[in-house]
Visitor: 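My questions all concern the structure below.
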2 protein chains.
Amino acid sequence: MLYQKGNMFSKACEYGIKSMIYIQSNHDDSRKICLNEIAEAINSPMAFTAKILQQLKRSGLLVSTIGAKGGFQIKNNKPITIKEIVLAIDGDGFFSKCVLGLKVCSSANPCPAHEAYKLIKENMIKDLLDLELDEFTKNIKNKTIALK
Amino acid sequence: MLYQKGNMFSKACEYGIKSMIYIQSNHDDSRKICLNEIAEAINSPMAFTAKILQQLKRSGLLVSTIGAKGGFQIKNNKPITIKEIVLAIDGDGFFSKCVLGLKVCSSANPCPAHEAYKLIKENMIKDLLDLELDEFTKNIKNKTIALK
DNA sequence: TATAATTCGGACATTTTTATCCTAATTAAT
DNA sequence: ATTAATTAGGATAAAAATGTCCGAATTATA
């Protein structure tokens, strides 16, 4: 093939999702979770991960405290869906863009794959994007699920 | 967001799929369909599209003839699924890669989204990837479906 | 046989995505 | 007060994807 592709999400988004899952699964009111620990846990480049955490913060999903013993926490300890993370990092392209890249593509003016993609989106939303983080954290502590 | 993302397929793959749909929907034993016409029809950069057509040829989906009145045709005029095109251009990443980017991720050793992604893949395969090109060409000639 | 239309492939350029480096600011704890 | 741990963000670099340019080879047809 020309290039190797075929990822639903960008690397940035993968790191974002894994970061959020890690933060959620290690939640503890008595401490914050720092960048270093997150990047180690999810096996991601630290400086790059820092940018992503900033973005998640700007989007209102995380809060952070600076300085020693500082780190990140989920804002208000609120339930968060995968969709919110994807929107924060990759934007709404997944939901809004034509799967074949047409500038305008709607049910009134569809590309050949429009209806098929509609079904696919519905299933993705139901099976993954609308799920909340704690759906994914259940089995992390007992090591049946891996983040790296 | 950091960057704008959220595409199921690469641009190259989008052009590949649209090229194949165009070629199929304009099939006529008496002529070949040339690059120029394809790129015009699907609104894609010509030189880039040329590379993609070469790749589709190398993968055995197209045949071409050089020279005046040359062009491309679907090999053996055989039914082709979207999956074959995706495999030719984007490779099998969509099918083989972990949705969260883990190096190893299997049902024995799953990432947190493994099961969810399995469902999603099954639906994508059923609703789009296993469909044959002529599913997408039906309404092109009467202009209810657009390629650009 | 000359010309125009075409594929083919190499080299290069641009843009986007991913990743790194560095310095400043803040805070806890000693 | 100093130090170490930490977030924050700007600048830059590297890699990947997308896109362009050009010249060579081939073939139909005038």
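Since the model is a prediction, treat every value here as computed from it, not as a measurement. Residue numbers start from 1 in every chain, and the chains themselves are labelled A, B, ... in the order their sequence lines are given, proteins ahead of strands.
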Visitor: Select one nucleotide: of D/dA11, D/dT27, D/dG19, the one nearest the side-chain heavy atoms of B/Pro45.
Guide: D/dG19
Visitor: Taking CG from B/Asn36 and P from C/dC8, how many angstroms apart are they, rounded to a whole number?
Guide: 15 Å
Visitor: For A/Gln55 and D/dA8, what is the distance between atoms CD and C1' respectively, to the nearest whole Å?
Guide: 14 Å
Visitor: Distance check needed: C/dT23 P versus A/Ile66 CD1, whole Å only.
Guide: 18 Å
Visitor: Can you tell whether the side chains of A/Arg31 and A/Glu37 come within less than 4.0 Å, N to carboxylate O?
Guide: yes
Visitor: Which whole-number value in Å describes the distance from B/Asp90 CG to D/dA17 P?
Guide: 9 Å
Visitor: For the side chain of A/Cys34, starting at C-beta, report the closest nucleotide among C/dT20, D/dG19, D/dT6.
Guide: D/dT6
Visitor: When we call it a touch if two heavy atoms are under 4.0 Å apart, what does A/Gly67 touch: a base, just sugar-phosphate, or nothing?
Guide: base
Visitor: Nearest-Å distance, CD1 (A/Ile52) to P (D/dT7)?
Guide: 14 Å
Visitor: Can you figure out which of D/dT6, C/dT20, C/dA4 approaches the side chain of B/Ala68 most closely?
Guide: C/dA4
Visitor: Taking OP1 and OP2 of D/dT6, is either one under 4.0 Å from a side-chain nitrogen or oxygen of A/Thr65?
Guide: no
Visitor: In whole angstrom, what separates A/Phe72's CZ from D/dA5's P?
Guide: 17 Å
Visitor: Starting at CZ of A/Arg31 and ending at P of C/dA28, how long is that distance when rounded to a whole Å?
Guide: 17 Å
Visitor: Is there a side-chain polar atom (N or O) of A/Gln54 under 4.0 Å from OP1 or OP2 of D/dG9?
Guide: yes
Visitor: For the side chain of B/Ser64, counting heavy atoms from C-beta on, which of D/dT7, C/dT7, D/dC21 is nearest?
Guide: C/dT7
Visitor: If I take atom CD1 from residue B/Ile74 and atom NE2 from residue B/His27, how far apart are they, to the nearest 0.5 angstrom?
Guide: 8.0 Å
Visitor: Is a donor on one side and an acceptor on the other found under 3.5 Å between the side chain of A/Lys32 and the backbone of A/Ser64?
Guide: no
Visitor: About how many Å separate CZ of B/Phe94 and CD1 of B/Ile125, when rounded to the nearest 0.5 Å?
Guide: 6.0 Å
Visitor: Picking from D/dT20, C/dT7, C/dA29, which would you name as closest to the side chain of A/Lys69?
Guide: C/dA29
Visitor: Report which part of the nucleic acid B/Leu35 touches: base, sugar-phosphate, or nothing (heavy-atom distance under 4.0 Å, all strands).
Guide: sugar-phosphate
Visitor: For A/Phe48 and D/dG9, what is the distance between atoms CZ and P respectively, to the nearest whole Å?
Guide: 16 Å
Visitor: Under 4.5 Å between any side-chain heavy atoms of B/Phe136 and B/Ile82, yes or no?
Guide: yes
